[in-house]
Amino acid sequence: MRLLGYAAYKLLSMLVTLLVVSVLVFTIINLPPGDYLSNQIMELQATGQQAGIAKAEFLRAEYSLDQPLWRQYLIWVGFAPGPNGFYGLLQGNFGWSFEFDQPVADIVGETLWLTVLVNVAAILFVYVVALPLGVLAAARARSWVDYSTALVGYLGLATPNFLLALVLFYYGHKYLDLPIGGLMAPEFVGEAMSFEKLRSILLHLIIPTFVVGTAGAASMMQRLRANMLDELSKPYVETALAKGMRERKMLMKYPLRVSLNPFIADIGTLLPAMISGSVLVSVVLGLQTIGPALLTALKTQDQFLAAFILMFVALLTLIGTLISDMLLAMLDPRIRIGGPRK
Amino acid sequence: MSEHFARPETDHPSEENDQSLGRDAYLSTRRLFFRRFRRHRLAFISAIFLIISYVLLPFVGFIAPYTPNERNSDYLFAAPQSINLFHEGAFVGPYVYATTGEADLTAFRWVYTADKSTPQKLEWFCEGGDYRLAGLIKTSTHLFCAPEGTTVFLWGADRLGRDVFSRILYGAQLSLTVGIIGIMISMTLGLFFGSIAGYLGGTPDYLIQRLIEILRSLPELPLWLALSAAVPSHWGPVTVFFIISVILGLLDWPGLARAVRAKFLSLREEEFVRAAEMMGATRSRVIRRHLLPNFSSHLIASAALSIPAMILGETALSFLGLGLRAPAVSWGIMLNDAQNLSSIELYPWTAIPMLPIIFVVLAFNFMGDGLRDALDPYQH
């Protein structure tokens with residue numbers, strides 16, 4: 001029951017956060033003066049195209065862009081009725097993209113799942129790489145394993161993501177014959193899921209996963225190593241070894257379990273950075289995630305598209321954090337008992 | 001009243017006592033810190049490297065053989081030239097070979113061939129393009145330049161025939177200062193919110209904590225992108241540079257504020273704070289005079305650790321075309337040229353700006369780690 005209560009509390013605070021985020025996102029999106037349509041109307045007036053103006057004016061009214069900002073916000077979220085009644089984010093209407101002249105939902109469509117896929121793959125990569133290497137680096141501190149992982153880690157932290165992407169991309173193609181560009185071979189775009197398509201996606205995922213995950217894996221590894229080292233200097237480790245316990249078993253059974261807590265909690269801080277990274281890498285590598293769409297939307301002031309993508313990105317991080325919180329609570333009873341008073 | 005007696009032999013600490021206390025006991029905190037910091041060799045070297053880089057910033061115009069936007073239309077994508085000392089076994093001093101470019105119409109690329117018959121000696125303290133030394137003194141003297149009719153592109157030329165080496169030096173001016181301005185803003189905000197939350201507690205603390213949590217849970221880059229997309233396109237490069245630094249700083253403060261708050265919470269209970277309050281010191285005086293000095297050094301260490309994130313942030317923004325704008329020169333803007341695979345493949349030197357980025361980011365990280373360790377009184 002405690003766990004359920006804790007989950008409910010976390011879920012509630014996530015919803016509140018999301019609400020604040022929506023205000024923040026809406027404000028940022030509306031910072032530039034004017035909006036897509038009023039800019040278009042000005043342009044049309046300058047060139048004297050009356051027919052276009054009428055359409056733009058109609059769209060402006062249709063999407064309530066002629067209303068005051070606070071009302072626009074309420075209509076956008078779905079708290080207040082627009083010209084067609086309650087029809088905002090909450091009702092499942094993501095808005096209209098003026099740049100592409102399509103509903104936002106149609107544009108983002110498949111890219112949402114691919115975004116989730118890239119990030120989940122990157123997180124798995126972080127865990128799969130950081131766990132064994134971190135433990136090894138701690139157990140064999142000051143050996144070549146320790147130093148070389150530290151070196152790679154530092155380079156991973158210091159190299160701009162997008163450059164790493166380009167360089168790996170080039171050499172991956174040249175020497176390993178990894179596919180270039182996109183998240184799947186061009187013939188599969190828009191096709192239904194099939195075994196070949198899955199294989200193509202997985203092959204295309206290798207480099208993005210590596211690029212997005214490296215920096216995270218590096219910092220995760222460093223922290224796991226530090227935690228492990230703290231534990232390894234404690235007397236119980238010595239006792240276990242003195243009693244003749246095999247080192248591998250001892251490591252797995254005691255220090256690793258203690259050090260695992262921050263390992264899971266860290267996802268909360270790691271996830272925002274990884275999602276940032278995936279946006280950047282997607283633009284460089286031309287992946288069909290929301291990254292490139294966000295960039296065009298921001299550059300052309302396509303407000304509904306940009307706002308929806310920002311909201312989606314925020315939601316993704318919040319859900320990730322929620323999952324890590326829940327895992328942590330299941331793993332460590334102390335957190336549950338602390339309850340809502342954190 | 002009895003007089004206080006002290007035996008002469010205990011009054012002066014003996015050699016033995018000296019040993020047990022350790023000689024460190026007689027050194028000032030500053031000296032102790034410096035000594036501990038120097039023991040981290042990597043951190044120490046990084047600090048010297050950074051200090052030299054920053055000191056040289058005003059004088060890059062003198063070191064660079066070209067001005068940043070000087071185009072050489074005969075040398076588009078010219079390959080890096082090496083500076084040699086010996087020609088056919090004889091010492092001639094630093095010289096380059098003259099190169100001529102030709103378009104290879106089958107591979108669609110520029111090919112440059114060097115004329116190896118005559119060495120062209122470099123000129124020293126020569127006349128070149130105009131620039132302002134330290135932004136003030138107008139001059140045209142450069143440390144070295146190529147003799148008439150030749151070029152000296154140490155790290156090649158970019159798509160407009162501009163010297164990559166010179167542009168990297170000029171780019172350092174913006175790329176290195178963007179982090180400093182950003183960190184000042186983030187520190188101001190972090191100190192302000194952190195100290196309010198930690199010292200006042202109660203409702204302000206609760207609100208600020210929630211705000212910190214929300215901001216920390218959001219991915220930075222998309223928000224940076226959105227904020228910089230809002231910068232009007234008609235603003236000048238200098239204004240844009242400041243705005244971008246502000247944007248980078250705006251989202252970075254929550255981490256600092258959290259550290260400040262934690263420090264405040266622990267220091268608030270100390271006796272000297274209570275004493276100051278009882279003597280009638282105002283809140284702001286207590287914060288400024290008694291609390292802040294206690295962890296200013298800690299703050300400097302964490303600031304050094306968050307500068308790299310800002311430098312990388314500027315690079316990413318400019319790279320995507322939403323950060324600084326040409327004619328300004330920064331490492332991110334330069335990398336914008338290396339955005340596609342063909343330039344990496346054909347003209348790999350356009351990606352050279354990534355090297356200074358890696359070095360500077362690593363140096364800040366090492367220095368920050370060293371500072372933090374040296375400041376920790378419990379570590380030996």
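Naming: A, B, ... by sequence-line order, numbering from 1 per chain.
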Which heavy atom in [X] sits nearest to a heavy atom in [Y], and how many Å separate them?
{"X": "A:Leu163", "Y": "B:Met354", "result": "CD1-CB, 3.0 Å"}
{"X": "B:Asp369", "Y": "A:Tyr154", "result": "OD2-OH, 3.1 Å"}
{"X": "B:Gly321", "Y": "A:Lys299", "result": "O-CE, 4.3 Å"}

Drop me the distance from A:Ser13's OG to B:Arg210's CZ, to the nearest 0.5 angstrom.
8.0 Å

Nearest 0.5 Å please: distance from the CD1 atom of A:Ile28 over to the OG atom of B:Ser228.
10.0 Å

Just so I understand: if I count every heavy-atom pair under 4.5 Å between each of [options] and chain B, which residue has the most?
{"options": "A:Ala273, A:Ala158, A:Gly277", "result": "A:Ala158"}
{"options": "A:Val313, A:Val16, A:Leu316", "result": "A:Val313"}
{"options": "A:Leu155, A:Leu271, A:Leu280, A:Val283", "result": "A:Leu280"}

Can you check whether B:Leu218's main-chain N or O pairs, donor with acceptor, with A:Thr317's side chain at less than 3.5 Å?
no

Of all of B:Leu322, B:Val231, B:Ile358, which one pairs up most often with chain A through heavy atoms under 4.5 Å apart?
B:Ile358

From the list B:Leu312, B:Ile311, B:Asn365, the residue making the most non-hydrogen contacts under 4.5 Å with chain A is B:Leu312

Count the heavy atoms of every other residue, nucleotide or ligand shown that sit under 6.0 Å from CZ of B:Phe242, and state whether that count exceeds 12.
no

Checking heavy atoms, do the side chain of [X], its backbone, both or neither come under 4.5 Å from chain B?
{"X": "A:Ala314", "value": "both"}
{"X": "A:Leu298", "value": "both"}
{"X": "A:Leu295", "value": "side chain"}
{"X": "A:Leu18", "value": "neither"}

Residue B:Pro222 versus chain A: region with a heavy atom under 4.5 Å:
both

With a 4.5 angstrom heavy-atom cut-off, could you sort out which part of B:Phe359 is near chain A: side chain, backbone, both or neither?
neither

Note, B:Pro219 side chain near A:Val279 side chain (heavy atom, < 4.5 Å)
no

